[in-house]
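Report on the structure given below.
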Amino acid sequence: MANISYRIKPRTGKIELPEKLGFGQIFTDNVFEMDYSPEKGWHNHTIKPLSNLDVHPASMFIHYGQALFEGMKAFRTVDDEVVLFRPHKHFERLNNSARRLVMPTVDVDEMVEALKELVYLERDWIPTKTGEALYIRPFMIGTDSALGVRPSNTHKLIIMLSPVGAYYPEGFKPVKILIQDDYVRAVRKGTGECKTPGNYAASLLGAEIARKQGFTQVLWLDAVELKYIEEVGTMNIFIEFKDEIVTPELTGGILHGVTRASVIEMLKDMGKPINVRRIQLTELLEAYETGRLTSVFGSGTAAIISSVGELRYKDKTLILNQGEPSQLEIDLFNEIQAIQTGRTPDRFNWLVKVEVPVPAV
Ligand SMILES: *Cc1c(COP(=O)(O)O)cnc(C)c1O
């Protein structure tokens, strides 16, 4: 484990969190940062005040998009402990994104330790109301300053923290989603399974068109045949039929959601018939006609479970479960939230405790 140097300014005054936190609007005082070069590997492990970046205008990430990020959460439990939700999975996924983008990988255990130190230092920023959390955003950028497409040699990794509000302050509310085939988000064998900025840039126009028509998000189809259901672009998707629950197989265009993996594990544990397979849009539309379709929901770190009340595809409107969340959606949401806040035992071993570090001698 590399030593982390602390260059923090001592905090003066109490942290006053606003009543409505929103998402990603405020940031804690300090960040973790480290640099990579081929000669030194990862070095300069530092916890220091959040500040603007000093980057050369020719920095490669700006021009050629060599960048990636992660998103996870820390919670304060009912026993006043601080926990991280599945951080190893998130750093493993960061490494998968890094390999695809020809960026350096990190030591997962070392990163989890660094994150614990940062979160411990910033623990007073963790909001405590139900549904609130400390959102954790690690990201990496290629920092060589030179024009011409090639992989950057030098990189920077930063972890910043943001207290976030409850996704559903007024209770679990279903969302309206547009199934879009004028645009695609990501293509298999491309970078669809990486959390890399380009995928989100590619999704903005389709999402903006959906938003103008009153939809919250877009359900993307596969980019090759425009036939198979993929994901929502910030959430993975589950379809609850009368006789089975299905989530699309990870064929390369879909992000490997940690919440998705957690939901699959829970459904198996509940003895539900969960199948991971490719699913065509026509199967969904037919199931709606024949009454085989019960509900559709998204899974992701931000909302945990997001019930879909309405789906639109061209001139077809599907109202799911009378526009109300299904019992399964409510159960999954409550159970994951109960585990994250320590109200129910962590029987899947998903939590990593942030313990008081031994004081430096
Ligand atoms: C982050 C993300 C998800 C959800 O992943 P979680 O690990 O569950 O938060 C799903 N799809 C895309 C495209 C994402 O970026």
Side-chain angles (χ1 to χ4, degrees), residues 23-24 65 67-75 84-98 100-101 108 111-112 115 131 133-140 162 164 167 175 177 180 183-188 190-207 210 216-223 228-239 247-267 276 296-308 329 332-333 335-337 339-340 348 350-352:
F23 188 87
L68 58 82
F69 66 94
E70 265 305 319
M72 67 186 116
K73 279 177 173 174
F75 302 88
L84 306 171
F85 189 74
R86 312 196 76 178
H88 297 86
K89 281 251 173 216
H90 284 278
F91 283 111
E92 281 159 18
R93 186 170 68 189
L94 181 144
N95 278 343
N96 284 337
S97 298
R100 178 64 179 81
L101 294 161
V108 170
M111 278 296 94
V112 173
L115 178 59
L134 186 69
Y135 183 76
I136 299 162
R137 169 57 60 92
F139 68 97
M140 198 196 297
S162 169
V164 296
Y167 216 83
V175 296
I177 284 184
Q180 166 71 270
Y183 302 96
V184 294
R185 186 193 82 93
V187 59
R188 62 176 188 261
T191 55
E193 58 184 30
C194 305
K195 252 180 149 63
T196 185
N199 291 343
Y200 305 86
S203 76
L204 292 177
L205 181 57
T216 327
Q217 294 209 47
V218 172
L219 175 56
W220 301 103
L221 300 177
D222 78 277
Y228 297 94
I229 289 169
E230 294 224 311
E231 63 158 310
V232 182
T234 54
M235 294 190 302
N236 293 108
I237 199 90
F238 285 80
I239 297 154
T247 192
E249 197 183 329
L250 301 171
T251 50
I254 302 176
L255 210 275
H256 296 209
V258 175
T259 319
R260 174 186 179 278
S262 308
V263 167
I264 293 172
E265 209 175 321
M266 281 176 75
L267 289 170
V276 178
V296 175
F297 60 93
S299 71
T301 293
I304 309 176
I305 299 293
S306 192
S307 173
V308 180
E329 291 166 349
L332 289 169
F333 178 77
E335 176 80 4
I336 297 178
Q337 200 167 65
I339 291 174
Q340 289 174 334
F348 301 104
W350 286 339
L351 304 182
V352 170

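For ligands, and for the atoms within them, numbers begin at 1 and follow the listed sequence. Residue numbers run from 1 in the order of the sequence given. Computation of the quantities below employed the complete heavy-atom set of this structure, encompassing side-chain atoms and omitting hydrogens, waters and symmetry-equivalent molecules.
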So do the side chains of Val218 and Arg185 get within less than 4.5 Å of each other, counting heavy atoms only?
no
Sequence neighbours excluded, which residues qualify as salt bridge (Lys or Arg N to Asp or Glu O under 4.0 Å) partners of Glu265?
Arg86
N/O donor-acceptor pair under 3.5 Å between Gln180 side chain and Ala210 backbone:
no
List the protein residues in contact with ligand 1, where contact means a heavy-atom separation under 4.0 angstrom.
His90, Arg93, Arg185, Lys195, Tyr200, Glu231, Gly233, Thr234, Met235, Asn236, Leu255, Gly257, Val258, Thr259, Gly300, Thr301
CA sep, side-chain torsions, deciding dist, call: Leu115, Met72, side-chain contact (heavy atoms from CB on, under 4.5 Å):
CA-CA 11 Å; Leu115 178 59; Met72 67 186 116; 4.0 Å; yes
Applying side chain to side chain contact (heavy atoms under 4.5 Å, CB included) between Phe297 and each of Asn236, Ile237, Val263, report the one that passes.
Val263
Qualifying residue for side chain to side chain contact (heavy atoms under 4.5 Å, CB included) with Phe238, from Leu332, Ile264, Ile305, Val296
Ile264
